[in-house]
Protein chains: 2
Amino acid sequence: MATIRDVAKLAGVGIGTVSRVISGNGSVSNKTLIKVNDAMAALKFIPNTSAQSLSSKRFNTIGLWGTKSSGEMSRATLTKIERELQPFDVSLITTDGERNSVNHPNASRLSIDKLINKGCDGLIIWGSDMPEFDILQLEKEFPNIVLLNNNVKAMPEKSFAFNHYDAGYIAGQHLVDNGHKEIAYISGWFDTSDANERHHGFIDALNENNISIHENLIYRGDYTFKKGFEGANYLFNQEPNFTALFCANDQSAMSAISALSSKGVDIPNEVSVLGYDNMNIASYTNPPLSTINVPVQKMAVSAVRKLINLCYGADLEIDYSFDAKLIERQSVIQLN
Amino acid sequence: MATIRDVAKLAGVGIGTVSRVISGNGSVSNKTLIKVNDAMAALKFIPNTSAQSLSSKRFNTIGLWGTKSSGEMSRATLTKIERELQPFDVSLITTDGERNSVNHPNASRLSIDKLINKGCDGLIIWGSDMPEFDILQLEKEFPNIVLLNNNVKAMPEKSFAFNHYDAGYIAGQHLVDNGHKEIAYISGWFDTSDANERHHGFIDALNENNISIHENLIYRGDYTFKKGFEGANYLFNQEPNFTALFCANDQSAMSAISALSSKGVDIPNEVSVLGYDNMNIASYTNPPLSTINVPVQKMAVSAVRKLINLCYGADLEIDYSFDAKLIERQSVIQLN
DNA sequence: GATTATTATGGAACCGTTTCCAATTATATG
DNA sequence: CATATAATTGGAAACGGTTCCATAATAATC
């Protein structure tokens with residue numbers, strides 16, 4: 001493996017000069033530039049990243065920290081992130097991070113420190129699994145972080161999150177607008193701020209229209225197909241009179257539709273179903289699922305761009321508008 | 001940030017000794033071990049990975065190379081891989097690799113070299129996007145590779161793939177066994193060996209039972225919901241007489257069911273549908289989807305373990321049995 | 001053409017480890 | 001107890017870059 005010294009010798013220049021052409025910092029005359037480039041090509045020279053990082057303290061790597069419960073980040077989103085990084089020649093290290101627990105009250109911070117020590121210029125903290133207090137503390141010590149799917153008020157520039165309250169509200173309003181009064185609801189976990197916001201937005205929309213949702217018509221799900229299926233069955237057994245069902249994500253909506261359909265319930269004529277996320281799958285359920293669009297990829301891209309600005313002094317424009325949008329398909333009908 | 005020299009000074013030992021306790025290579029007496037550990041703790045010493053890699057040529061990192069067309073690797077599988085790596089303290093770098101093309105005949109190899117140069121001890125090559133010739137060449141120069149979802153005959157120990165021929169055969173046989181003679185088929189792309197094997201297994205099973213599949217009843221899909229939906233519509237318009245439909249993956253099966261159901265076709269009573277993959281979704285379609293189980297995660301885990309053996313001289317047991325298994329649910333019925 | 005400002009260049013010192021060898025100390029052997 | 005053997009230990013040298021400073025070459029100015 002050729003080193004910078006080999007190149008310098010072959011090109012007949014000093015090592016400093018070679019370093020300058022590699023990094024592009026510092027001035028090099030055109031003649032020497034050519035000589036050095038030729039020598040590098042001849043020797044198939046490839047700079048050693050460890051040596052570069054050791055002496056420059058730059059790693060050209062960012063870390064993605066998230067836990068299982070951060071949600072299902074699709075491979076597509078991950079690819080999107082990688083693509084965004086590629087032009088800057090920075091790589092992505094992913095981790096399966098840990099949440100704090102009674103036994104390990106510092107678990108998340110420790111797993112993050114591990115990532116940082118591994119050699120990351122910056123970090124994407126994905127999801128809301130890390131307590132806000134810890135995030136603020138972390139940011140003091142290591143400012144190159146960006147939050148994806150989490151909103152910390154004190155860090156507006158670094159938070160890339162969707163307004164789940166508004167989205168939940170829109171969902172509720174849509175069902176009300178269509179004349180539904182008996183509304184059932186399969187929620188997600190309540191241990192993240194997302195879930196709470198969406199929940200409150202939804203409930204508030206109903207309440208402001210003087211509709212209250214009966215306890216029996218709320219089922220605590222967990223975003224999985226499984227719970228959507230079980231939830232729909234449960235609700236149907238409890239009180240089969242509801243005319244609309246809101247699900248906290250498309251996966252549970254899809255399996256809820258299956259569950260109800262297989263019991264002979266006609267969707268949407270007997271029960272309207274509204275999902276949340278607008279995943280690919282939503283267009284291909286039967287009937288096609290009305291849902292709330294959540295621009296995951298857009299948020300991910302913005303977060304990455306902000307991080308690049310932070311880490312590498314770039315000045316990319318960042319889009320912070322992630323609006324809730326209702327996608328009307330055929331699973332919700334007007335009640336007459 | 002404390003260095004090894006600070007630790008050495010505080011502990012009153014030489015730097016070599018400190019290095020030995022960090023790495024665990026070489027012998028250290030119990031007394032000094034304690035002294036050094038205390039000093040490290042007092043200084044909150046964390047070894048600098050760049051320096052370690054520079055001098056040891058070990059990176060404690062492996063790369064995952066795959067292209068968009070490698071298929072949808074779920075976040076769950078990725079997490080599984082990370083988990084498998086964690087006990088060995090090795091990180092994962094993911095890339096969105098490139099396929100060869102007319103304009104870039106070396107694209108895949110170049111993107112792999114980039115990964116290697118970044119600092120990987122080994123590589124998971126995921127999918128069959130890299131020509132076999134290139135893989136063999138790569139392995140000569142960089143033997144620490146493992147193939148996931150690809151089978152190169154000359155590298156049996158490093159190939160972790162599913163026998164798609166057998167699986168396709170089982171699928172075909174299952175439909176035949178249930179008395180189906182008019183069989184439709186939504187395929188995947190034909191540009192990977194997977195797809196071809198599955199295809200031939202399926203066709204062979206039919207042929208050996210003296211059933212031939214009409215050209216009009218084959219639709220070339222691409223594994224997406226979209227093509228599954230379109231394919232089912234297409235087939236139904238062509239010749240609505242088929243009694244069974246085989247789909248190359250569960251996603252297209254799911255959307256095919258939706259498409260047919262929305263046309264008023266009773267699944268499974270009028271048309272049986274058989275999927276492939278056994279994704280989570282398969283249990284929650286309506287009706288629940290019969291399918292072929294593909295043990296993706298199990299293969300991924302085996303591949304990782306093999307790679308750990310290769311890179312770090314470990315001796316983990318590797319499971320190479322990835323058998324095709326039919327999962328009978330309710331989307332295929334016996335024709336009477 | 002002399003003087004000054006600017007650009008280009010070489011290379012020592014440094015980044016923080018690992019590794020190897022020589023030296024020391026402890027342990028075993030006869 | 002002397003000697004052979006094994007276990008510990010210190011630290012120089014090396015890994016392959018970047019950075020900074022002193023110096024040389026070039027361009028600009030009067």
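The figures here come from the full heavy-atom set of this structure, side chains too, leaving out hydrogens, waters and symmetry mates. In what follows, chains carry the letters A, B, and so on, assigned in the order in which the sequence lines appear, proteins first and then strands, with residues in each chain numbered from 1. Since this is a predicted model, take the numbers as computed values, not measurements.
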query: From the list dT17(C), dT26(D), dG16(D), which nucleotide is the closest neighbour of the side chain of Lys31(A)?
result: dT26(D)

- prompt: Does Ser29(B) make a side-chain N or O approach to OP1 or OP2 of dT8(D) shorter than 4.0 Å?
  reply: no

task: Look at the aromatic rings of Phe160(B) and Tyr320(B) and report parallel, tilted or perpendicular, splitting at 30° and 60°.
output: parallel

Lys153(B) and Ser159(B) side chains, donor-acceptor separation under 3.5 Å: no

task: Give a yes-or-no answer on whether the side chains of Ser302(A) and Asp319(A) include a donor-acceptor pair shorter than 3.5 Å.
output: no

- prompt: To the nearest Å, how far apart are Asn117(A) CG and dG16(C) C1'?
  reply: 14 Å

field: Between P of dG16(C) and CG of Leu54(A), the distance in whole Å
entry: 7 Å

message: Taking the minimum atom-to-atom distance to the side chain of Ile15(A), which one of dT8(D), dG11(C), dG17(D) wins?
response: dG11(C)

- request: Counting heavy atoms from C-beta on, name the nucleotide in dC15(D), dA8(C), dT18(D) closest to the side chain of Ile22(A).
  value: dT18(D)

- prompt: Starting at the 5' end of DNA chain D, which residue's closest nucleotide do you reach first, Gly12(B) or Ala2(A)?
  reply: Gly12(B)

- line: Separation of dT9(C) atom P from Ile34(A) atom CD1, nearest Å, is 12 Å

query: Rounded to whole angstroms, how far apart are CG on Asn48(A) and C1' on dA14(D)?
result: 13 Å

- prompt: Atom CG of Asp6(B) to atom P of dC15(C): distance rounded to whole Å?
  reply: 11 Å

query: Ignoring hydrogens and angles, are the base of dT17(C) and the side chain of Ser55(B) linked by a donor-acceptor pair under 3.5 Å?
result: yes

query: Got a donor-acceptor pair under 3.5 Å from the side chain of Arg20(A) to the base of dG11(C)?
result: yes

query: Side chains of Ser29(B) and Thr32(B): is there a donor and an acceptor less than 3.5 Å apart?
result: yes

message: Measuring from the side chain of Lys57(A) (C-beta onward, heavy atoms only), which nucleotide among dA8(C), dT18(D), dG16(C) has the closest atom?
response: dG16(C)

Distance-minimising heavy-atom pair for Thr49(B) and Asn117(A): OG1-O, 3.2 Å

- prompt: Would you say a side-chain N or O of Thr17(B) is under 4.0 Å from OP1 or OP2 of dG10(D)?
  reply: yes

field: Glu98(B) versus Thr67(B), side-chain donor and acceptor atoms under 3.5 Å
entry: no

task: Please evaluate the base of dG11(C) for a donor-acceptor partner in the side chain of Arg5(A) within a cut-off of under 3.5 Å?
output: no

query: Phosphate oxygens OP1/OP2 of dT18(C): is one of them under 4.0 Å from a side-chain N or O of Ser19(B)?
result: yes

- request: Check whether any side-chain nitrogen or oxygen of Ser27(A) sits under 4.0 Å from OP1 or OP2 of dA8(C), and answer yes or no.
  value: yes

- request: Please figure out whether Ile46(B) or Asn30(A) has its closest DNA chain C nucleotide nearer the 5' end.
  value: Asn30(A)

message: What contact category does Thr49(A) fall into here, base, sugar-phosphate, or nothing, at under 4.0 angstrom with non-hydrogen atoms?
response: nothing

- prompt: Ile4(A) has an atom CD1; how far is it from atom C1' of dA14(D), in whole Å?
  reply: 16 Å

query: NA contact type, Val13(B), heavy-atom cut-off 4.0 Å: base, sugar-phosphate, or nothing?
result: sugar-phosphate

- prompt: Between atom CG in Asn25(A) and atom P in dA8(C), what is the gap in whole Å?
  reply: 14 Å

message: Counting the atoms with a prime plus P, OP1 and OP2 as sugar-phosphate, which does Ser50(A) contact under 4.0 Å by heavy atoms, base, sugar-phosphate, or nothing?
response: nothing

- prompt: Can you check the Met1(B) CE to dT17(C) P distance for me, whole Å?
  reply: 10 Å

